[in-house]
Amino acid sequence: MRTSRRVVRAETSGAAVRLTVAGPGGRTEVLEADHVLAATGYRLDLDALSFLSSQVRRALRRVPGSGAPHLGAGFESSVPGLYFVGSLAAPMFGPMMRFVAGTSYAATRLARDAVRRAAAS
């Protein structure tokens with residue numbers, strides 16, 4: 001099993017599969033296997049959220065190495081009043097945030113923070 005790798009090349013070698021993968025720092029390695037399961041996921045990219053202005057996207061503090069927003073305990077970003085849940089919250093709060101099972105946790109904290117914010121204004 002390899003994590004944090006990018007498939008650079010894939011080819012068959014007889015009955016096997018030969019993969020060239022790039023890891024951290026760009027180091028490549030060749031893996032040969034009978035079967036391959038590539039759970040490729042996707043890259044978090046706040047800059048792809050075109051509904052946020054470029055000014056807002058530039059103001060967002062980000063988690064180093066992930067592209068996700070840095071969030072406070074109530075899921076609020078560095079832009080006051082802007083909250084993120086779901087996959088974009090996973091680097092700060094764990095992988096459960098990607099699934100429906102994480103919504104209760106996120107909703108409770110976000111609502112509590114939003115109420116606190118409204119009461120303060």
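Using a 4.5 Å heavy-atom threshold, the side chains of Pro69 and Met92 count as separate. Using a 4.5 Å heavy-atom cutoff, the side chains of Arg9 and Arg18 are not in contact. With contacts defined as side-chain heavy-atom distances shorter than 4.5 Å, the pair Phe93/Val85 does not qualify. At a threshold of 4.5 Å between non-hydrogen side-chain atoms, the residues Leu44 and Pro91 count as touching. You'll find the side chain of Leu110 stays beyond 4.5 Å of the side chain of Arg112, heavy atoms only.
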- Task: Evaluate salt bridge (charged side-chain N to carboxylate O under 4.0 Å, His left out) for Arg58 paired with Asp47, printing each intermediate quantity in order.
- Result: CA-CA 9 Å; Arg58 280 192 307 272; Asp47 293 322; over 6 Å; no
- Message: side chain to side chain contact (heavy atoms under 4.5 Å, CB included) for Leu49 and Phe84? Distances and angles first, verdict last.
- Response: CA-CA 12 Å; Leu49 301 179; Phe84 290 92; 4.0 Å; yes
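Remark: Glu76 CD to His70 NE2 distance equals 12.5 Å, nearest 0.5 Å. A distance of 13.5 Å separates CG in Leu71 from CZ in Arg109, rounded to the nearest 0.5 Å. Atoms OG1 and CG, on Thr20 and Leu31 in that order, are 8.0 Å from each other to the nearest 0.5 Å. Here the CG-CE distance, from Leu88 to Met97, works out to 13.0 Å after rounding to the nearest 0.5 Å. Residue Leu46 holds its CG atom at 9.0 Å from CZ of Arg57, rounded to the nearest 0.5 Å. Once rounded to the nearest 0.5 Å, the distance linking CZ of Arg5 with OG1 of Thr28 reads 10.5 Å.
Met96 and Ala101 make their closest contact through CE-CB, 3.8 Å (heavy atoms, listed as atom of the first residue, atom of the second, distance).
Ring geometry for Tyr105 against Phe75 counts as perpendicular: the plane angle is over 60°, on a 0 to 90° scale with 30° as the lower cut.
Crowding of Gln55 atom CD: a count of heavy atoms from other residues, nucleotides or ligands under 6.0 Å not exceeding 12.
In the hydrophobic clustering of ILVMFWY residues, with side-chain heavy atoms under 4.5 Å counting as a link, Val7 and Val36 come out together.
In this structure, the side chain of Ser77 engages the main chain of Leu82 through a donor-acceptor pair within 3.5 Å.
In this view, Asp113 and Tyr83, Arg116 satisfy the side-chain hydrogen bond (donor to acceptor under 3.5 Å, both in side chains) rule, not counting sequence neighbours.
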